[in-house]
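Naming: A, B, ... by sequence-line order, numbering from 1 per chain.
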There are 2 protein chains.
Amino acid sequence: MAKTRIKDIALAAGVSVGTVDRVIHNRGRVAKEAEEKVKKAIELLNYKPNLAARSLARQTVHKIAIVLPSQEEDEFWMAQRHGIRRALDATKDFGLSAEIITFDDQKKGELLKLSARLFEGGYDALLIAPNIKGEARTLLDQCNKLNMPYVQINSNIDHKGANSLGFVGQDSYRSGQLAGKLLDIALGAPVTIGILHMETEVEEGSHLLAKEAGLKDYFKKHGDPRIVVTQIVDISHKSVIRSVIEELLHDYPDLMGLFVTTSRIHHIAEILKDLDKMEISLVGFDLVQKNIDALGFYKRLFLINQNPSLQGYYGVMRLFDHFLKHKTIRSTKYLPLGIITLENVSNYLHIQDRDNILQDNRTYG
Amino acid sequence: MAKTRIKDIALAAGVSVGTVDRVIHNRGRVAKEAEEKVKKAIELLNYKPNLAARSLARQTVHKIAIVLPSQEEDEFWMAQRHGIRRALDATKDFGLSAEIITFDDQKKGELLKLSARLFEGGYDALLIAPNIKGEARTLLDQCNKLNMPYVQINSNIDHKGANSLGFVGQDSYRSGQLAGKLLDIALGAPVTIGILHMETEVEEGSHLLAKEAGLKDYFKKHGDPRIVVTQIVDISHKSVIRSVIEELLHDYPDLMGLFVTTSRIHHIAEILKDLDKMEISLVGFDLVQKNIDALGFYKRLFLINQNPSLQGYYGVMRLFDHFLKHKTIRSTKYLPLGIITLENVSNYLHIQDRDNILQDNRTYG
DNA sequence: TGTTGTTCTGTGTGCGTACACACAAAAATA
DNA sequence: TATTTTTGTGTGTACGCACACAGAACAACA
């Protein structure tokens, strides 16, 4: 039951550890027969490399650049960062180091400006939230030219380069379907349902439109109610939002459900509470504090959690798998769409802080 | 930015690595002044032990005994085992080994029979699903006498010994509240709601009663509908279940919601489909295959996921933290109560298989 | 037969830590 | 003072692996 070491394989195959090492790492310079013998011994003894020893022996530290929007205060990106930090803590003893590089995603061209820094900073890989599609595409093209692996998180620009290590994020279309289901169950009878994009710009092919499509498709199969789509561009003034809502309620007296495709549903909850219209069912996104507060006073509210923390975590872990375990994953990983309501929100908040695995906070003792 | 090693501390403190080691591990035999200097250097240089090197150098492997019910075929316990295996894979290179020991939880006294094997098998810790409360309590008392740390998963018998490393599992009461909320939203008008315990025995203080209490308490605050509690003892014969349901529907024509406190809600879904009564909303537990199938044909069905896989995972990780990182957690950890419906079930199935962290499946190459 | 080149293989060292051991210095005893 | 005991400190080795380097074996040439 003792673990088999390289030494054991060498013994079994009648060669030295050096030869075994060459076979394991495909370094060449091994006679065919020797290689065969070693491979057979590896198979037979079920050899699995000791990760602790490997990362200790390997001197090369893989340096990864993590590119994120510079919205320091935004809770969604804070959660992303949190997950990233967690993963880095867990892997720092195993040959992974990282730097977070931010850019202003409200201005054009800022992402591209990072180019020089990224490709001349000696980085071995890129972890990027490519929410500026055009610019990000240029960067990823560059990655492929320079043979630098990259993982996308949060936004996916469907970039199928040879160096792509896939995408970790949410399935927006499916989250729209889920919102449809929740509203369907909550409403009972067919009525009017509103979709609200609360965002300054809804660009072609964006998440928001995928969510819209998901909800619409759900209702094509189930009941086919009237669906009204509205965009609220100016989200900084509550009065503007309020008048849009009042107008909607006036135009569609049977409006009984609202789906907000961004994280700003708390505004709607507050306004509807004010208007004493809390019989309207709401579905929105993200566990930001104001939304969590809204759960407390608005019964018919569901939040869909996109798990930003795990996006960061798994994103980094993909690079870890790639470099340290020679295990390369290129597929898309969709994180679970958590349905959050007042009765289960506490556990979700908990896990975001506690997931630390293989992390040592202890200084001594 | 280079990582500080023990050597660096020794240099900074003007002592040898041996002295630093003694300070770090509280081995004594260090002069007060030397100790002070070392501690200061550790603080100053922000020393964090290298986990890879530590587990490589430390030869002692901590052996843990994992005690589970012997229901090999049960999907819930399979998931538990899966999570346990995942955690063991992730930690096997770091000085943790484990053996799963099963007992027949359908017979009395079987758990206690393990006693000798557990306490004379040279185990360093215990991970137990103490679903036979009385017998488990005796075992845990024994643990405290022998100074053997233990973690409880899935069931919690509130055992506050000095060696307890807490509990990882679900919050049954809260899951009942959550079921209440889901039914409340789904029903709209106040009607009759049924609670179904589908289990051969509902013992005092069991999870099932906690779930019942949670749902009842929820509705005391919201609408206060009529709630009917029924137990179905004989779950092996579908005809028995069916007649219970038919009787319920007859006695309570306005029954519009059913809460099944075990994983057997698929039976109910199948029967109601048969009876063409699918307007009744259902809430049940666990992602077992038959329940997942039921999601496909029964729209108004929600499953609450108790995350058995993560229970096993975090349970093992607690022991890992305790032994390898000297980081001892004694608190209760409640896992998130996932709300599952057809539209988000796929992601939940995915994550159960994919969560492998720090695991090396690669043989060579 | 000697020389050069090519292909293959074994040995040695170091990664950062844990721990055993040897030994020096100081203190307690004779 | 001599001897034992206690206390404090440094050195050396091993863990399993990666990788550099030396060198053996063999063939191909002069």
Side-chain angles (χ1 to χ4, degrees), chain A residues 2-11 13-38 41-42 45 47-62 92-97 323-326 360 362-365, chain B residues 2-38 42 45 47-62 92-97 323-326 360 362-365:
Chain A
K3 296 180 209 162
T4 48
R5 304 154 297 173
I6 282 188
K7 212 177 179 177
D8 301 318
I9 296 175
L11 199 68
V15 296
S16 75
V17 291
T19 303
V20 176
D21 179 71
R22 257 158 301 207
V23 173
I24 289 177
H25 293 91
N26 284 320
R27 296 196 217 277
R29 306 191 161 260
V30 178
K32 269 151 287 171
E33 344 165 29
E35 185 170 349
E36 280 312 305
K37 278 192 290 182
V38 169
I42 284 175
L45 298 178
Y47 170 73
K48 298 270 154 58
N50 181 316
L51 209 58
R54 166 173 291 181
S55 44
L56 191 61
R58 180 170 4 224
Q59 280 308 84
T60 55
V61 171
H62 291 96
K92 68 174 186 301
D93 287 344
F94 304 97
L96 214 60
S97 83
F323 286 125
L324 273 293
K325 310 205 305 191
H326 302 197
D360 201 340
R362 168 172 150 273
T363 310
Y364 55 84
Chain B
K3 294 180 207 164
T4 48
R5 303 154 299 172
I6 282 187
K7 211 175 179 178
D8 301 318
I9 296 174
L11 198 68
V15 296
S16 75
V17 293
T19 303
V20 176
D21 179 73
R22 256 158 270 153
V23 172
I24 289 177
H25 293 92
N26 284 320
R27 295 195 218 279
R29 303 189 161 263
V30 178
K32 268 152 288 172
E33 346 166 27
E35 185 170 351
E36 280 312 305
K37 279 192 289 183
V38 169
I42 284 175
L45 299 178
Y47 170 73
K48 297 271 153 57
N50 182 316
L51 209 57
R54 166 172 291 180
S55 42
L56 190 62
R58 182 169 3 223
Q59 278 309 83
T60 54
V61 171
H62 291 97
K92 68 172 186 303
D93 288 344
F94 304 98
L96 215 60
S97 83
F323 285 124
L324 272 294
K325 311 205 306 191
H326 302 199
D360 201 339
R362 166 172 153 275
T363 310
Y364 57 84

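- When heavy atoms are screened at a 4.0 angstrom cut-off, A/Arg29 is found touching base atoms of the nucleic acid.
- A residue-by-residue look at A/Gly18 and B/Lys32 shows that B/Lys32 has its nearest nucleotide of DNA chain D further toward the 5' end.
- Classified by interplanar angle (parallel below 30°, tilted 30° to 60°, perpendicular above 60°), the ring pair A/Phe94/B/Phe94 is perpendicular.
- Atom CG in A/Leu51 sits about 17 Å away from atom P in C/dG16, given to the nearest Å.
- Using a 4.0 Å heavy-atom criterion, one finds that B/Val15 contacts the sugar-phosphate atoms exclusively.
- Dashed line: the shortest gap from a side-chain N or O of A/Arg22 to OP1 or OP2 of C/dC8 is not under 4.0 Å.
- Atom NZ in B/Lys3 sits roughly 13 Å away from atom C1' in C/dT17 (whole-Å rounding).
- Backbone-only engagement by B/Ala34 is indicated by non-hydrogen atom pairs under 4.0 Å involving sugar-phosphate atoms exclusively.
- The phosphate of D/dC19 (OP1 or OP2) has a side-chain N or O of A/Arg27 nearer than 4.0 angstrom.
- Straight-line distance from the CG atom of B/Asp93 to the P atom of C/dC15: 22 Å, rounded to whole Å.
- The structure places OH of B/Tyr47 at 10.5 Å from CZ of B/Arg5, a figure rounded to the nearest 0.5 Å.
- If you run side chain to side chain contact (heavy atoms under 4.5 Å, CB included) between A/Ile24 and each of A/Val38, A/Ile6, A/Thr19, only A/Ile6 comes through.
- The residue B/Asp21 sits close to a base: some heavy atom pair falls under 4.0 Å.
- Remark: A/Leu11 CG to A/Thr4 OG1 distance equals 12.5 Å, nearest 0.5 Å.
- Across the protein-nucleic acid pair, B/Asn50 atom CG and D/dC15 atom P stand 18 Å apart, rounded to whole Å.
- Not one side-chain nitrogen or oxygen of A/Arg5 sits closer than 4.0 Å to the OP1 or OP2 atom of D/dC17.
- Picking from D/dC15, D/dC17, C/dA18 the nucleotide with the shortest atom distance to the side chain of B/Gln59 gives D/dC15.
- Here the CD-CG distance, from B/Glu35 to B/Asn26, works out to 7.0 Å after rounding to the nearest 0.5 Å.
- In this structure, CZ of A/Phe94 is placed 17 Å from C1' of D/dA18, rounded to the nearest angstrom.
- Taking NZ from A/Lys92 and OG from A/Ser97, the interatomic distance works out to 12.5 Å, rounded to the nearest 0.5 Å.
- Considering only the side chain of A/Thr19, C/dT9 comes nearest among C/dT11, C/dT9, D/dC15.
- Ranking D/dG16, D/dG10, C/dT11 by closeness to the B/Ser16 side chain, first place goes to D/dG10.
- Considering only side-chain N and O atoms, B/His25 lies under 4.0 angstrom from the phosphate OP1 or OP2 of C/dA18.
- D/dG16 atom C1' lies 16 Å from atom CG of A/Leu45, rounded to whole Å.
- The distance between atom CG of B/Leu324 and atom P of D/dC15, rounded to the nearest whole Å, is 18 Å.
- A/Leu56 comes within 4.0 angstrom of a nucleotide base, judged by non-hydrogen atoms across all strands.
- Taking atom CD1 on B/Ile24 and atom P on C/dG16, their separation rounds to 14 Å, with Å as the unit.
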